[in-house]
Amino acid sequence: MNAPSISDRGPRRFGWPQRVFSQVLLMQLAIITGVTVLVTGLFLAPLSAQLDDEAMRRALAIAQSTAAQPGIAEDLRTTEASASGPVQSAAERIRRATGAEYVVVMDRRGVRWSHPETDRIGEVVSTDPGDALRGREVMEIDSGTLGRSARGKVPLRGPGDEVVGAVSVGIEYDSVRARLLGAIPGLLAYAGGALAVGALAAYLISRRLQRQTHDLAFSDISALLTEREAMLHSIREGVVALDGTGRIRLLNDEAQRLLGLGPEAAGRPLAEVLDGGRTADVLAGRVVGDDLLAVQGGRVLLANRMETDDGGAVVTLRDRTELEHLGRELDSTTGLIDALRAQDHEHANRLHTLLGLLELEMHEDAMEFVTEVVGVHRATAEQVTEKVQDPLLAALLVGKATVAAERGVSLRLAPGTLLPDRVVDPRGLVTVVGNLVDNATDAAAGSGDARIEVGLRAEGRTVVLRVRDSGPGIAPEQYASIFTEGWSTKDLPAHGKRGLGLALVRRLAERQGGSVTVAGADGGGAVFTVVLPEALAGPETADPATAPHPATTGDSR
C-alpha cells in the first residue's frame, strides 16, 4: 500500500506537525533540551555551594594561621590599638601574603586592633564576635563594613589557653562569584556540545523512523491499522503471521476456522497450538514450495508462505475441500464414462449375439444367454448386500466392482465379511472404503490375475476394514510416507493435485480414535488395514435383526 502524498492530506496548517517524523523529532529535541538545561542547573547549584564552602574554609585556615602566630596574643595584652602597632603590622603582612580582603584582630570587648582601613582601628566590629570569643570557630558568609565576604573566625588564646580575643578573616565574595561566572562559559560549551550531539542523534533516529513509516502521519497509520483489521477479518482466506521465533503474531477469523483454533492461539508458539504433521511443517517453513497441500481436521488446505524482513513469515490458507471433492467426483465421472463406454461395446456385442440367436430361431439358447448375463450381475449384488448391510457401503462396493471389472480387475469380498446396518458415520466410512478401493484398482490394473479383496467385519462396536490388492506392492521404507499429503505414484488428474486420498483416510481414522496401517500381502501386493473404534452404534440403539430394512421404508440414506 502506497503512502498518501502530501497533497492528499488537505491544506497545509501551521501548528503541531502531523507527520510521525516531525512529531518524534520535536519531542526528542524538547526532551534533550530539557535534560541539558536540568543537568546544567543541577551542576551549577552544587558548584556555587562548593565555591562558597571553599572560600569559607580558606578564610578559616588563614584565621587559624594568624591566631597561631607567636607574639600576637602577647602584643594584644601589652600594647595599645593603633595603626602603627605590632598587631596591625602582623595582620597586614598576613593579609597581603594570603590575598585576603581583611585580617581583623580584636580583643575580648570586640575592639579592632587591626583593619585594612586604619581609621577603623579602635572601633567595635560590625558583626557579633560572640561565638569566637566563647572559644568556637565560625565559618559564614556575611556583610560587614567592607561588604559581603566569606568569613572565618577563630578564638585568640594566650598563655594558659585562655581566650584573650579573636581573629576574623574575610575573603571578598566578588572573587567567589567571579570564579563561578568564569566556570559557566565552559559548562555551557559542554552542554551545547551535548545538546548538538543529542539533536543529531534525534534527527538520525527520526529519519530512520520516517523511512520505516513511509512519512505517514499518525492519523494515516491509525487509518491503515483500522483498514488492515477490517480487511483481515473480512476476507475469505486464512492469514497466519509468525515472528522470527515461530510465535503466532496474527490469526484472522478464517484461519481460526480452517485450523480449528481460537483467538487465544495468538501470541503462542506454533508448536504448542498445532500437533506435528504436514500442516505444522508448511506453516513453519519446513516444507517449501507454492500452493502446498495440507489436511487439517478433515479439511484440504492450500497454503502459500512468504518470508518477512524481520525473520518471520505470513502464510495464506485457502479451503480446497469442496474443490477437492469436485475433482474426485470428476475423476470418478471420468472413470465411469470409460466404464460405460466399455459396457456399451459389451452390451452391443450381447445384443448382436441375442439378435443372431433369434434370427436363427434358437429361442431356448437365447433365453439361456439372457438368464446367464442377468444372473451374474444379480448374484454379485445379492452377495454384497447380504454381507454388507449398510446400503451406502453396499451400493459403493457394487459400483466399484462394476468399474473394476471393466478395467480387468476382479473385486470380491473376503471370507468372513459381515457388517451390520449400525454404522454411525456411513459417509465417512464410504470415503475411507472408496479411497482404498480406488487406489487398489489403480495398483492392480494391468497385473496378471488382477484382483481386489475387501474385508469388513465388526468386533463389538469396532469396524475393521482390510483392502488387499495384487499390484506391485509398496516398499517397506515408504510405509510411513504414503500417508502424508502430496505423496503419490500416479500422474496428475484433471484437477492437478494428487496425494490426498490416503492422507484423508488417515485423518478420518485418527479423528475417530482409530488407525490405518499398510503391509505387504502374501504373493505380492499390499494390504491396508483400518481400525475404527466406536464406528457402530450399540445393539440397543439399532438391532439389525429387528430394524426395518431400508428397502421397505424407503430410506435411501
Side-chain angles (χ1 to χ4, degrees), residues 224-325 425 428 431-432 435 480-487 497 499-517 530-534:
L224 287 175
L225 289 175
T226 303
E227 293 169 2
R228 189 200 72 159
E229 289 297 316
M231 177 183 65
L232 287 176
H233 294 288
S234 63
I235 59 176
R236 300 308 300 167
E237 284 193 359
V239 179
V240 181
L242 305 171
D243 62 14
T245 63
R247 192 178 298 271
I248 298 176
R249 287 192 295 201
L250 175 72
L251 195 71
N252 73 341
D253 297 341
E254 183 67 5
Q256 295 175 24
R257 184 183 72 86
L258 296 178
L259 297 176
L261 302 176
E264 67 279 358
R268 297 172 57 189
L270 183 64
E272 288 185 6
V273 298
L274 286 180
D275 297 332
R278 179 176 172 85
T279 303
D281 292 339
V282 169
L283 293 179
R286 291 187 288 271
V287 179
V288 297
D290 297 329
D291 293 337
L292 298 173
L293 285 174
V295 177
Q296 179 70 18
R299 295 184 180 277
V300 181
L301 306 179
L302 193 66
N304 284 282
R305 189 175 192 273
M306 178 174 291
E307 305 288 339
T308 56
D309 295 337
D310 61 353
V314 175
V315 184
T316 58
L317 303 171
R318 282 179 284 170
D319 191 354
R320 282 184 56 95
T321 306
E322 295 184 2
L323 184 59
E324 187 65 27
H325 288 167
D425 183 15
T431 300
V432 173
N435 279 317
S481 60
I482 63 173
F483 295 104
T484 59
E485 295 91 336
W487 188 93
K497 298 291 180 182
L500 289 176
L502 293 178
L504 284 173
V505 169
R506 184 187 66 173
R507 193 57 56 90
L508 289 172
E510 292 177 349
R511 191 167 62 181
Q512 298 185 27
S515 62
V516 55
T517 57
V530 181
V531 179
L532 301 174
E534 308 296 328

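Values below: all heavy atoms of this structure, side chains included; hydrogens, waters and symmetry mates excluded. Counting from 1, the numbers follow the sequence of the chain as shown.
- Nearest heavy-atom pair across L251 and A255 is CD1-CB, 3.9 Å.
- Between A284 and L270, the closest heavy-atom pair is N-CD2, 3.8 Å.
- Listed here is the closest heavy atom pair of L317 and A303: CD2-CB, 3.6 Å.
- For the side chain to side chain donor-acceptor pair (under 3.5 Å) test, residues two or more places apart in sequence or in another chain that qualify with R249 are D310.
- Annotation: side chain of L301 is in contact with side chain of L259 (closest heavy-atom distance under 4.5 Å).
- With hydrogens and angles disregarded, a donor-acceptor distance shorter than 3.5 Å links the side chain of R305 to the backbone of L283.
- Put simply, the side chain of R247 gets close to the backbone of G267: a donor and an acceptor are under 3.5 Å apart.
- For the pair I248/L242, a side-chain contact is recorded, criterion being any heavy-atom separation below 4.5 Å from C-beta on.
- Interatomic distance, OG1 of T316 versus CG of N252, reported as 10.5 Å (0.5 Å rounding).
- Looking at N304 and R318, their side chains come closer than 4.5 Å, going by heavy atoms from C-beta outward.
- Across all non-hydrogen atoms, the minimal contact from L261 to V273 is CD2-O, 3.5 Å.
- For R257, the salt bridge (Lys or Arg N to Asp or Glu O under 4.0 Å) partners are E254, D319, not counting sequence neighbours.
- Under the side chain to side chain contact (heavy atoms under 4.5 Å, CB included) criterion, D425 pairs with R427, Q512, not counting sequence neighbours.
- Checked against side chain to side chain donor-acceptor pair (under 3.5 Å), E534 has the following partners two or more places apart in sequence or in another chain: R461.
- For the side chain to side chain donor-acceptor pair (under 3.5 Å) test, no residue two or more places apart in sequence or in another chain qualifies with E272.
- With sequence neighbours excluded, no residue forms a side chain to side chain donor-acceptor pair (under 3.5 Å) with S515.
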